[in-house]
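Structure first, then comments.
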Amino acid sequence: MLKIYNSLARAKQDFVPITPGSVRMYVCGMTVYDYCHLGHARVLVVFDMVQRWLRASGLQVTYVRNITDIDDKIIKRAAENKESIAELTERFIAFMNEDALALGVEPPDHEPRATAYVPQMLALIGQLERNGLAYQAADGDVNFSVRKFAGYGRLSGKSIDDLRAGERVEVDAAKGDPLDFVLWKHARDDEPSWASPWGEGRPGWHIECSAMSSDLLGKHFDIHGGGQDLQFPHHENEIAQSEGAHRCRFVNYWMHNGFVRVADEKMSKSLGNFFTIREIVRKYDPEVLRFFILRAHYRSPLNYSETHLDDARQALTRLYTALKDVPAETPPVDWTAPHAQRFSQAMNDDFNTPEACAVLFELATELNRNRSPALAGQLRALAGVLGLLTRDAQAFLQAAPSSATGSGTDDAAEGIEALIADRAAAKKRRDYAEADRIRGELLAAGIVLEDGTAGTTWRRS
RNA sequence: GGCGCGAUAGCAAAGCGGUUAUGCACCGGAUUGCAAAUCCGUUGAGCCCAGUUCGACUCUGGGUCGCGCCUCCA
């Protein structure tokens, strides 16, 4: 039985889908005005892992991950770049897709863009107005009346009266209450806008997710995920909007992944201490990055440093090394095997990927002992559930750092093979000095030679 | 000020009221022309103070420290 930590309940709960056998899941994706950083990588990988495990568990999954392609920052950045909003967002959507692909993230079933859902947002705002929860302020903005929605603050554990609105950000004087949030912003001359019953304008940040999720998944669905920083106010406001409009339960299970940190501080755009995915992938294989993310529990903080990435690389190398000389075929998982059972138990315990990875390493040790092809298949199959160890072992071990695809075929390979041949000849005539010289030369270039019974192989150190 | 999370060996990171987590690094041995990889073995842990218990890293209470949210953020 799968247990999920539900942010709403602040406890692990048995996962019971609304419709037996199928799951509907919505995850807040990217605002596309810049490159994805490690924090984004974590959301992408974590919910990809969740989605994979749900499917591996035999559930039929509908996974929606939205794209925010209209908001203040996008407008600002497009203006700075002197380009259209569409040009800006299209470019970064393409970059995001490249990053996701490199990280082994499977495409979601739906990737709705906010700008394509304005009619649905307007309908939702209209419904909120009819339900007495929305009002148009003097400045033309349509706001949500937070105090009229019972239960506001339940997800984030906040009491309305304790919220210090205005302490850190100036309160909009036109709002009926400082805590009220915007559903529809009145148009300004230099900004894009859409026609609406409340005049020309553009959507507030939160309304898009309420509109897209209900359109694609229905008014009531199973799982809603996102980064911890979205719990308040974004997700709290989504609940208010969706439940306020539809008058029914919105989401059963709320999942929030922990932050990525740098030197014990949250990685964020505003702090400027972020590393982009493509920046990291220039130096580390993307699979190392995926493994780095998955070897920590999704709710724990994840401290980023190159030392930790080096460590992850070494660990992943051990796994691939175990698979080096066994046939690269991935049979279906034999879930009755003891290792698979432990793996499954770990994953069913709120997606305990660190424990699941530990099983992988135990499997590797056993495989190193007996070189059983069946065991190798099992290792590949289980790791495959996490989206790991999907490549040819040799290709991974020989992949150049910058080769994001990990194809393993680069120009250096021929030269290396030639030197290996020279060294073999030297060894044959017992010229060990020359053999060691070649070994040293390659080692200095980051190439490790390994003499085996079947000849010499190489890998990158 | 309100609310929440965490503290595990050199580093990273899990489970568990009593039995080896796991990975990296380290040490000894096997193996190797030398290596690397691998195997075998050793070392090493649970912030502090109380309490519960036959027994606590694991439960309870208090403290200390760190982090986060209350503003845009994944």
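Below, read A as the first sequence line, B as the second, and so on, with proteins coming before strands; counting in each chain starts at 1.
- Atom-to-atom, CD of A:Gln228 to C1' of B:G68 comes out at 7 Å; the value is rounded to the nearest Å.
- Using a 4.0 Å heavy-atom cutoff across all strands shown, A:Arg439 reaches at least one base atom of the nucleic acid.
- When the P atom is compared between B:A21 and B:G62, the two are found 31 Å apart, to the nearest whole Å.
- Taking atom C1' in both B:U32 and B:U42, the straight-line distance is 23 Å, to the nearest Å.
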Output one letter per nucleotide in nucleotides 2-18 of chain B: B when a protein non-hydrogen atom lies under 4.0 Å from the base, S when only the sugar-phosphate is that close, - when neither is. BS-------SSSSS---

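- Residue A:Arg261 is in sugar-phosphate contact alone, with no base atom involved, counting any heavy-atom pair closer than 4.0 Å across all strands shown.
- Below 30°, between 30° and 60°, or above 60°: for A:Tyr26 and A:Phe221 the angle between ring planes is between 30° and 60°, a tilted geometry.
- With sequence neighbours excluded, the residues satisfying side-chain contact (heavy atoms from CB on, under 4.5 Å) with A:Val260 are A:Leu38, A:Arg42, A:Met267, A:Leu302, A:Tyr304.
- Here A:Val359 lies out of heavy-atom contact (under 4.0 Å) with every strand.
- The side chain of A:Arg318 contributes an N or O atom lying less than 4.0 Å from OP1 or OP2 of B:C39.
- At whole-Å resolution of the value, CG in A:Leu319 and P in B:G23 are 10 Å apart.
- The distance between atom CZ of A:Phe343 and atom C1' of B:U22, rounded to the nearest whole Å, is 14 Å.
- Counting atom types as modelled, A:Asp451 pairs a side-chain N or O with a base atom of B:C34 as donor and acceptor under 3.5 Å.
- In this pair, A:Phe181 and A:Phe144 present their aromatic rings parallel. The plane angle is below 30°, not in the 30 to 60° band.
- Between B:C69 and A:Lys266, a contact under 4.0 Å exists linking OP1 or OP2 to a side-chain N or O.
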For RNA chain B, please output the secondary structure as dot-bracket, reading 5' to 3'. Pairs are Watson-Crick or G-U wobble, both atom distances under 3.5 Å; mark crossing pairs with [ ], other-strand partners with |, unpaired with a dot. (((((((..(((.....[...)))..((((.......)))).....(((((..]....))))))))))))....

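- Contacts of A:Asp264 with the nucleic acid, taken as non-hydrogen atoms under 4.0 Å apart, involve only primed sugar atoms and P, OP1 or OP2.
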